[in-house]
Amino acid sequence: QLPLAESGGHLVQPGGALRLSCEIFGWNLDDYVIGWFRQVPGKEREGVSCITSGLVITDYAVSVKGRFTGSRDNARHTVYLQMNNLTPDDTGLHSCAAGETVYGSSWCPLAGGGYNYWGQGTQVTVSS
């Protein structure tokens, strides 16, 4: 089991910003592509962003492009998701997931089926 721990979720007003962190303990982050997903009760899980190892390619859902930025710090075993200009539609349980990959691969899926390991999630609530 690959332990992933998310943090950074909070209640924030529309237009605000948050930075989510996903820490992976004891594993080489180079071996994984990391995805962020959000879940709202009654709705399907949505892929928000992904970030590859090596070339550090990122991809984003259309709904968050231009507002969210993914990054990774392999030395700290941590992946970040900077979320700016938040809207109520960004509300949800945000989880990170790790998918086994080859270092330098451009594979960066926004579909959950591509991931092997999941964290418990951190709640983001955007409301005035």
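Numbering of residues begins at 1 and proceeds along the displayed sequence. It should be emphasised that the depicted structure is a prediction, and the values quoted were computed from it without experimental measurement.
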Check whether more than 12 heavy atoms from other residues, nucleotides or ligands sit under 6.0 Å from atom CZ of R45, and answer yes or no.
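Atom CZ in R45 is crowded, with more than 12 foreign heavy atoms closer than 6.0 Å.
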
Between [X] and [Y], what is the shortest heavy-atom contact and its length?
{"X": "L29", "Y": "R72", "answer": "O-NH2, 2.6 Å"}
{"X": "R67", "Y": "L86", "answer": "NH1-CA, 3.8 Å"}
{"X": "A61", "Y": "G47", "answer": "CB-O, 3.3 Å"}
{"X": "S95", "Y": "E6", "answer": "CA-OE2, 3.3 Å"}
{"X": "G70", "Y": "T58", "answer": "O-CG2, 4.0 Å"}
{"X": "S53", "Y": "T101", "answer": "OG-CG2, 4.0 Å"}

Are [X] and [Y] close enough that some pair of their side-chain heavy atoms sits under 4.5 Å apart?
{"X": "P3", "Y": "Y117", "answer": "no"}
{"X": "D59", "Y": "K65", "answer": "yes"}
{"X": "E100", "Y": "D31", "answer": "no"}
{"X": "L4", "Y": "C22", "answer": "yes"}
{"X": "D90", "Y": "R38", "answer": "yes"}
{"X": "D30", "Y": "N74", "answer": "yes"}
{"X": "L18", "Y": "V126", "answer": "no"}
{"X": "I57", "Y": "I51", "answer": "no"}

V79-V102 co-clustered via ILVMFWY side chain contacts under 4.5 Å
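No, V79 and V102 fall in different hydrophobic clusters.
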
Single-linkage hydrophobic cluster V64~V40, side-chain heavy atoms < 4.5 angstrom:
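Unlinked, V64 and V40 end up in two clusters.
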
Can you tell me how far CD of E23 sits from CG of D73, rounded to the nearest 0.5 angstrom?
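The CG atom of D73 sits 10.0 Å away from the CD atom of E23.
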
Nearest-0.5 Å distance, CG of residue L81 to OG1 of residue T69
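Reported to 0.5 Å precision, the distance equals 8.0 Å.
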
Any pair with a residue in residues 57-108 that passes ring pair (Phe, Tyr, Trp, His ring centres under 6.0 Å), sequence neighbours left out, goes on the list, sorted by first then second residue, please.
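As it turns out, there is no ring pair (Phe, Tyr, Trp, His ring centres under 6.0 Å) pair with a partner in residues 57-108 once direct neighbours are skipped.
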
One pair to check against side-chain contact (heavy atoms from CB on, under 4.5 Å): V124 and M83. What are the steps and the verdict?
CA-CA 10 Å; V124 172; M83 306 189 298; 3.8 Å; yes

Verify side-chain contact (heavy atoms from CB on, under 4.5 Å) between T122 and L93, making sure each step is shown before the conclusion.
CA-CA 6 Å; T122 184; L93 183 68; 5.6 Å; no

As a quick check of understanding, evaluate side-chain contact (heavy atoms from CB on, under 4.5 Å) for S7 and L20, giving each step before the final call.
CA-CA 6 Å; S7 61; L20 303 185; over 6 Å; no

Would you confirm whether the ring centroid of F37 sits within less than 6.0 angstrom of the ring centroid of Y115?
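Yes, the ring centres sit under 6.0 Å apart.
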
Using only heavy-atom distances, determine whether the side chains of S63 and E46 contain a donor-acceptor pair under 3.5 Å.
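A donor-acceptor contact under 3.5 Å links the two side chains.
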
Criterion side-chain contact (heavy atoms from CB on, under 4.5 Å) against S127, the qualifying member of T91, V12, L11
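One option only clears the test, and that one is L11.
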
By side-chain hydrogen bond (donor to acceptor under 3.5 Å, both in side chains) - contacts of Q39 (at least two apart):
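Partners of Q39 under the side-chain hydrogen bond (donor to acceptor under 3.5 Å, both in side chains) test: none.
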
